[in-house]
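Everything numeric here is computed off the predicted structure, so don't read it as measured data. Each chain gets a letter, A, B and so on, in the order the sequences are listed, and its residues count up from 1.
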Amino acid sequence: MAYNFSKIEKKWEQKWEQDDSFATYETDKQKYYVLEMFPYPSGKIHMGHVRNYSIGDVVARFKKMRGFNVLHPMGWDAFGLPAENAAIKHGIHPNKWTLENIDDMRNQLKRLGLSYDWNREVATCSEDYYKWTQWFFLKLYEKGLAYKKKSSVNWCPSCETVLANEQVVNGACERCDTPVGKKELDQWYFKITDYADRLLDDIEKLKGWPEKVKIMQKNWIGKSKGAEIDFEIKDFDKKLRVFTTRPDTIYGATYMVLAPEHPYVLDLVKETEYEEEIINFRKEMERTSEIDRTSANAEKVGLFTGRYAINPLTKKEIPIYIANYVLIDYGTGAIMAVPAHDERDFEFAKKYDLPVIPVIKPENEEIDLENIKKPYTDNGVMINSDKFNGLNNEEAKSKIVKYLEEEKIGKESINYKLRDWLISRQRYWGTPIPIIYCDECGIVPVPEEDLPVLLPKDVEFTGKGKSPLDTNEEFVNTTCPKCGKKAKRETDTMDTFVDSSWYFFRYTDSNNDNMPFDKNKANYWMKVDQYIGGVEHAILHLLYSRFFVKVLHDVGLSPVDEPFENLLTQGMVLKDGAKMSKSKGNVVSPEEIIQNYGADTARLFVLFAAPPERDLEWSDQGVEGCYRFLNRVYRLVEDLTFIYDDNSEIKVDSLDKSDKELRYVLHSTIKKVTEDIEERFNFNTAISSIMELVNEIYKYKDNEELNSVKKAVLSEAIDNLLILLSPFSPHITEELWHITGKDSSVHDESWPEYDKNATVKDEITVVVQVNGKVRDRIVVDSGISKEDMEKEALASEKVKNYIDGKDIKKVIVVPKKLVNIVAK
RNA sequence: GCCGAAGUGGUGGAAUUGGCAGACGCGCCGGACUCAAAAUCCGGUGGGGCUUACACCCCGUGUGGGUUCGAAUCCCACCUUCGGCACCA
């Protein structure tokens, strides 16, 4: 008979809820803050959630049993596009849709038996949350870190709306697949570029983050050191400034390239024979999507402008081109082209027959100066470079920069790939940007005391054109807080990544009406000790959060300057080798698994099937296996009911061989499970060793006559088994804990310490190798010396067969493990 | 193209510091219980060879080399798969 998981799980969930078992308060104990990335309330949890939150729950429960004061909260990333789409499609108001989804999902999470302190729940769409998101916006505005500028943004002509970069997939709208274009719009930005250096440098501090994520962030910030150099243009009164990481190659700069959008272009060709062609080229570039233009395999095309620049060191005239491969928003939007030492320049030079002059050659190697087959991008010795000839190019780099600085034609310079964070969205379901536009006073921030700027309920959802907030006259029309005259509100809302950049602070004090959070509470709980979530957030969410925390730190609000001490990026849940998705039809619903096997089985399986960082292949049979295991545990404990009222203590002297053997397994298991959870998050191997323990207990109880010594040994094993298993499968262990006659909760127990004496065996098995191949195993006293090990090994009959008639060259002894005899 | 991760039985995965490869689970094979089935329990299960013998031998962690008494683990070269970035001057 299978155990009644459904009844048991519901019973204990109710009990925990009644007792408010997971409520957390600030205490003198050492704190531990474990956080899983909060979900978007789509309405249904998926297996990725089950995995994410099961991992977090094991950590939270384990740390609590280890004596920490654990904060383990949950909430909702509740603003965003899907709610609005639901409004358009089904006529449900986004607010209603979202709140109903939250209720559904909260119930589903509760049904997993997760140890959240629900008193601290947050939803980013509630007034008392987004009020503070707006408050932070004002702080950033005060500091000059929030600003407005006109720029070109991604625009979907079919949905008639702007899209975030992350909503553009392969150059097309992720919703309707229409190619995305560009549109000039006045937008709000956060000046994350001011923090580029600190965000980069502090990556070194993130010792508990995966290397992979740190490298992705480094690449995203994309710092390059180099120089800015001014080139004079013949018969033109302005100088052309370029950025290069290779000032050492300046003698090889044989032409210049401007981005088609470069501000000089029109002036350079004005009233010349080149004008018409150039203008057409610019227009064509505007029409080409960004993705097509910037893809590395796009063919390089360009046009001569009819103009020449002067290379400041060679003094030679070099032609100026415009071309698609130079981007307006990186560096200065112009380059000096060195075809001999740059792949792209080389490709372009070959196509348009421009001169290629090598200025660096490999050391100890001659090259054919006239006939370069491919660009040389490595380090080497300077040639064709006047007084810098013969120097190593790295050395020449700094000398040339120094020379340029002396002559006032250039200076050292640093460039980043990181762009400022565009936070405006022409969307309804988001945090309103607390800004008012007044004809007299210009941009006026909403005064703090007027917050929150409430999101009105009454708007039209057409999915077309401008922000839906524009359709609510009452919202739009207001008075200027400065001069009192008529004014208009900003109708864009904020990117939802703003909401999620500070939610971990709110959990520390989620019901505070006067402040986003109390500084003392944040001081007690922050940083997050363990953050857990999908690697898809490796850049955006994690970088934005780091930025936000640094800003809050600088204005004195945050006690810490990094949010997350340790980060665990869990792998995806796959079925048939592919990510679960509706379109592939390979989705397994958590509700169904919970219905058929229970939450404990679902949790156990996602933790057992793979280590957390790796992708997990779903297996229905694997689930069955975990279910079988839990049933086996249930029967084991239930069958032994008669031993639990025996309160004998274990006396080590009266233990026989099999008692010692069971205690050896038990205490080795305690050691292993502890280390697997604490040091490595290897829940899969922790669970497998618990399975081995259960197998051992079965063998023991079946083979023995249960006198009171053995009852005590068994009781010890069962009690500890339930405690070890409790973080993984909290319901069944709680039930069984009570079946063994206890009134308390297994989850209030301390985590067991293993008994060192029990993990020492009297006899051990030593491997004997001859020339590295295993030839025998010998059982010896565990206190054996190295000399005796060698003696015993050489005495082995099996070994003799292999060393007979050979010289023993060497004997290697690894204490208590292995002897290797080298014989020739 | 660049950066990163990975490659181990039929399968998901173990092997934690260079020291018994394949723990644990799934699947499969055989058996017990049963009128029968389900459930449960017991035994076997990397490949090959040999044997009356559960004794023994050989091969084996993507491929090819190397270091070492000893390599899944370290080094070099290569192949494949997956993920990220991608004309960033």
Legend entry - N or O in side chain of A:N324 less than 4.0 angstrom from B:C87 OP1/OP2: no
Inset, instruction - Look at the aromatic rings of A:Y352 and A:F348 and report parallel, tilted or perpendicular, splitting at 30° and 60°. - result: tilted
Inset, instruction - Answer yes or no: does a side-chain N or O of A:K810 lie under 4.0 Å from OP1 or OP2 of B:C69? - result: yes
Inset, instruction - Give me the residues of residues 222-231 of chain A where at least one heavy atom lies under 4.0 Å from an atom of RNA chain B, by number, or none. - result: A:S224
Inset, instruction - Would you classify A:I215 as touching base, sugar-phosphate or nothing, given that sugar-phosphate means primed atoms plus P, OP1 and OP2, and contacts are heavy atoms under 4.0 Å? - result: sugar-phosphate
Legend entry - Rounded interatomic separation in angstrom, taking CE from A:M216 and P from B:C3: 16 Å
Inset, instruction - Could you check whether A:R777 gets within reach of a base, just the sugar-phosphate, or nothing at all, counting any heavy atom under 4.0 Å? - result: base
Inset, instruction - With heavy atoms under 4.0 Å as the rule, sort A:Q769 into base, sugar-phosphate or nothing. - result: base
Inset, instruction - Take the angle between the ring planes of A:F304 and A:Y321 and call it parallel below 30°, perpendicular above 60°, tilted in between. - result: tilted
Inset, instruction - Looking at every strand, decide which applies to A:R775 at a 4.0 Å heavy-atom threshold: base, sugar-phosphate, or nothing. - result: sugar-phosphate
Legend entry - Aromatic A:Y325 / basic A:K300 pairing, under 6.0 angstrom, 45° off normal: yes
Inset, instruction - Return no unless some side-chain N or O of A:R628 is found under 4.0 Å from OP1 or OP2 of B:G27. - result: yes
Inset, instruction - Would you mind classifying the nucleic acid contact of A:K798 as base, sugar-phosphate or nothing, using non-hydrogen atoms under 4.0 angstrom? - result: sugar-phosphate
Inset, instruction - Please work out whether B:G10 sits syn or anti, treating a glycosidic angle within 90° of 0 as syn. - result: anti
Legend entry - For RNA chain B, the dot-bracket pattern of Watson-Crick and G-U pairs whose distances stay under 3.5 Å, | for other-strand partners: (((((((..(((......[....)))((((((.......))))))((((......))))..(((((..]....))))))))))))....
Inset, instruction - Check whether the side chains of A:S224 and A:Y330 place a donor and an acceptor atom closer than 3.5 Å, and report yes or no. - result: yes
Legend entry - Below 4.0 Å: OP1/OP2 of B:G25 and any side-chain N or O of A:N695: yes
Inset, instruction - May I ask you to say whether A:E211 pairs ionically with A:K214, meaning some side-chain N is under 4.0 Å from a carboxylate O? - result: yes
Inset, instruction - Name the nucleic acid region contacted by A:S619, choosing base, sugar-phosphate or nothing; use a 4.0 angstrom heavy-atom cut-off, strictly under. - result: nothing
Inset, instruction - Could you tell me whether the phosphate oxygens of B:C41, OP1 or OP2, come under 4.0 Å of any side-chain nitrogen or oxygen in A:R632? - result: yes
Inset, instruction - Identify whether any heavy atom of A:N684 sits under 4.0 Å from a base atom; if not, whether one sits that close to sugar-phosphate; answer base, sugar-phosphate or nothing. - result: sugar-phosphate
Inset, instruction - Over 60° means perpendicular and under 30° means parallel, so classify the ring planes of A:Y3 and A:Y634, tilted if in between. - result: parallel
Inset, instruction - Return no unless some side-chain N or O of A:R635 is found under 4.0 Å from OP1 or OP2 of B:C41. - result: yes
Inset, instruction - Examine B:C87: is either OP1 or OP2 under 4.0 Å from a nitrogen or oxygen in the side chain of A:K417? Give yes or no. - result: no
Inset, instruction - Looking at every strand, decide which applies to A:F608 at a 4.0 Å heavy-atom threshold: base, sugar-phosphate, or nothing. - result: base
Inset, instruction - Report yes or no: does A:S785 contribute a side-chain atom to a donor-acceptor pair with the main-chain N or O of A:D788 at less than 3.5 Å? - result: yes
Inset, instruction - Scan A:D615 against the nucleic acid and name what it touches under 4.0 Å (heavy atoms): base, sugar-phosphate only, or nothing. - result: sugar-phosphate
Inset, instruction - Compare every heavy atom of A:I690 with every heavy atom of A:L724, then report the nearest pair and how far apart it is. - result: O-CD1, 3.8 Å
Inset, instruction - Before giving the answer on salt bridge (Lys or Arg N to Asp or Glu O under 4.0 Å), spell out for A:E412 and A:K397 the whole-Å C-alpha distance, their side-chain angles and the decisive distance to 0.1 Å. - result: CA-CA 10 Å; A:E412 200 172 62; A:K397 206 179 257 180; over 6 Å; no
Inset, instruction - Classify the angle between the aromatic ring planes of A:F681 and A:F683 as parallel (below 30°), tilted (30 to 60°) or perpendicular (above 60°). - result: tilted
Inset, instruction - Would you classify A:K809 as touching base, sugar-phosphate or nothing, given that sugar-phosphate means primed atoms plus P, OP1 and OP2, and contacts are heavy atoms under 4.0 Å? - result: nothing
